Amino acid sequence: MTDPETALDGFRRVFGRPAEGLWSAPGRANLIGEFTDFNDGFVLPFALGWSARAAVARRDDDRLRVASAQRAGDGPRAPVFEVRRAELAPGAGRDWFAYVHGVAWALDHAPGGLPAGGADIYLDSDVPIGAGLSSSAAVECAVALALHDLFGLTATRRELATAARRAENDYVGVPTGLMDQMASLCCTVGHALFLDTRSLEARHVALPLSAAGLELLLVNTNTPRTLAGSAYGDRRDDCRRAAAQLGVAALRDVGPDELDAALAELSDPTTRRRARHVVTEDARVLEVVTLLDAGRPEAIGPVLSEGHRSLRDDFEVSSAALDLAVDTALASGALGARMTGGGFGGAVLALAPAGLAGPLGRAVADAFAAAGLPTPSTSPVAAAGGAARLR
Ligand code: ADP
Ligand code: MG
């Protein structure tokens with residue numbers, strides 16, 4: 001993690017005055033439960049040690065001024081993007097600052113209204129951007145919590161997550177579920193967050209990995225997720241069609257014991273594969289939670305690998321790089337491995353005996369070099385805490 005103080009220094013340099021405070025919100029990896037959130041299903045993300053920091057100070061006027069260390073350009077100071085809060089409106093574009101403007105807009109439009117005021121905001125993040133680790137939710141949640149605290153808003157973490165999601169869905173225009181924002185705001189150290197995306201009930205599930213001599217490794221394939229955007233919409237449509245044909249509100253409503261009968265009702269082979277992924281993936285989330293609750297983290301490995309096969313063959317959202325990273329991790333001694341996030345590139349999560357990061361990372365790098373793929377990066381990841389005020 002980069003030094004959080006750099007965000008305070010950056011703020012001072014850009015805005016010529018000290019920030020009033022510093023907030024941090026993590027990216028996340030999803031242990032299991034992929035593409036289940038838009039089917040009202042279950043997810044099990046955990047917060048990463050990488051986070052977005054927002055250094056923020058209130059203003060006397062109506063303006064929002066935003067700068068980011070990751071969008072600093074070549075000049076001596078990061079450029080500042082300014083907007084009057086009264087002028088905030090969805091559909092203003094998908095530039096990075098829309099994620100920040102969108103949060104202010106969503107707070108204004110939250111049920112009951114959670115209006116903040118003008119503010120100067122400086123961002124600095126070490127969440128890899130565009131790797132499926134939710135750098136976008138990290139930014140949104142750091143800003144949401146900062147505005148909440150500075151302007152004395154009284155919202156629950158779940159309400160803040162909902163506002164942050166609306167920023168992304170309605171303001172920026174990227175259709176995503178609530179998982180990323182809930183993970184960023186609600187996770188606790190050493191735990192994954194078991195979230196029912198229908199009821200929004202959430203429970204912390206202990207990840208007793210080090211006691212079992214295990215660790216999670218994250219392999220960032222460093223391959224772009226170019227197809228992810230359009231495929232996401234297609235998969236959503238496939239799932240909606242499957243649910244409609246089966247006469248259920250969402251695929252969540254098909255139990256694993258009803259799967260065969262449901263598949264027999266679906267005429268189109270593609271729709272059948274999509275439904276099979278979602279139904280079995282929900283069951284895998286429940287199985288992993290049961291195993292973790294029973295203190296048997298080593299037993300989740302095969303469930304993770306089965307999840308990858310389902311994403312690869314039934315949901316068809318993997319890529320050659322993701323498959324190669326999974327296969328090489330397993331051949332190097334991982335107990336289980338799967339792509340995590342939206343797919344078509346991004347990252348792989350592997351459950352491995354502690355100490356395997358070096359050799360496994362080298363094996364994946366060698367395999368990638370032989371296949372002419374970009375150099376991947378492998379690091380151990382532990383379940384971190386959710387968004388917090390640092391200063
Ligand atoms: P992911 O959330 O998986 O990393 P997304 O495409 O959802 O990928 O979000 C990435 C976008 O979020 C970036 O293109 C940028 O607009 C915004 N973003 C993320 N981190 C930062 C940052 N540190 N500074 C500015 N914008 C950021
Ligand atoms: Mg994102």
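Predicted, not measured: the structure shown is a model, and the values here were computed from it. Residues: numbered from 1 along the sequence shown. Just so you know, ligand 1 is whichever comes first in the structure, and atom 1 is the first atom listed for that ligand.
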Ion pair present between [X] and [Y], side-chain N to carboxylate O less than 4.0 angstrom?
{"X": "R198", "Y": "D196", "answer": "no"}
{"X": "D62", "Y": "R84", "answer": "yes"}
{"X": "D314", "Y": "R274", "answer": "no"}
{"X": "D282", "Y": "R252", "answer": "no"}
{"X": "D293", "Y": "R203", "answer": "yes"}
{"X": "R71", "Y": "D95", "answer": "no"}
{"X": "R165", "Y": "E168", "answer": "no"}

Under 3.5 Å: N/O of [X] near N/O of ligand 1:
{"X": "S68", "value": "yes"}
{"X": "D95", "value": "no"}
{"X": "G132", "value": "yes"}
{"X": "A137", "value": "no"}
{"X": "S136", "value": "yes"}
{"X": "R94", "value": "no"}

Exercise. Taking atom CG of D60 as the centre, does the number of heavy atoms from other residues, nucleotides or ligands within less than 6.0 Å exceed 12?
Worked result: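 At most 12 heavy atoms, drawn from other residues, nucleotides or ligands, come within 6.0 Å of this atom.
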Give me the residue, atom name and distance of the protein heavy atom closest to [atom].
{"atom": "atom 4 (O) of ligand 1", "result": "S135 OG, 2.6 Å"}
{"atom": "atom 26 (N) of ligand 1", "result": "W96 CB, 3.4 Å"}
{"atom": "atom 23 (N) of ligand 1", "result": "Q70 OE1, 2.9 Å"}
{"atom": "atom 27 (C) of ligand 1", "result": "V139 CG2, 4.1 Å"}

Only heavy atoms of [X], strictly under 4.0 Å: list the atoms of ligand 1 that pass.
{"X": "L133", "value": "3 (O)"}
{"X": "R71", "value": "13 (C), 14 (O), 15 (C), 25 (C)"}
{"X": "S125", "value": "23 (N)"}

Problem set entry | Separation of H277 NE2 from N39 CG (nearest 0.5 Å) |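 One finds 8.5 Å between CG of N39 and NE2 of H277.
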For this session: Using heavy-atom distances, let me know which of Y99, Y122, F97 sits nearest atom 11 (C) of ligand 1.
Result: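 Comparing heavy atoms across Y99, Y122, F97, the nearest one to atom 11 (C) of ligand 1 lies in Y99.
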Exercise. Between Y122 and F15, does a ring pair (Phe, Tyr, Trp, His ring centres under 6.0 Å) hold up when you go through it step by step?
Worked result: CA-CA 9 Å; Y122 183 85; F15 297 113; 7.2 Å; no
Exercise. Aromatic rings F38 and F35: how do their planes relate, parallel, tilted or perpendicular, breaks at 30° and 60°?
Worked result: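 Rings of F38 and F35: perpendicular, as their planes differ by over 60°.
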Exercise. Under 30°, 30 to 60°, or over 60°: which ring-plane class applies to H204 and H191, parallel, tilted or perpendicular?
Worked result: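 If you compare the ring of H204 with that of H191, the planes turn out perpendicular.
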Problem set entry | ligand 1 versus I129: contacting region, heavy-atom distance under 4.0 Å |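 The answer is both.
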For this session: Examine the proximity of ligand 1 to T176 and report which part, side chain or backbone, both or neither, has a heavy atom under 4.0 Å away.
Result: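 Looking at T176 and ligand 1, no heavy atom falls under 4.0 Å.
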Exercise. Is the W105-H109 ring centre distance short of 6.0 angstrom?
Worked result: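 Judged by ring-centre distance (under 6.0 Å), W105 and H109 do meet the cut-off.
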Exercise. If you leave out waters, which protein N, O or S atoms are less than 2.8 Å from the Mg ion (ligand 2)?
Worked result: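 Correct list: S136 OG.
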For this session: Check each of R17, R63, R58 against D120 using the salt bridge (Lys or Arg N to Asp or Glu O under 4.0 Å) test, and report the only one that passes.
Result: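 Among R17, R63, R58, the one that satisfies the salt bridge (Lys or Arg N to Asp or Glu O under 4.0 Å) with D120 is R17.
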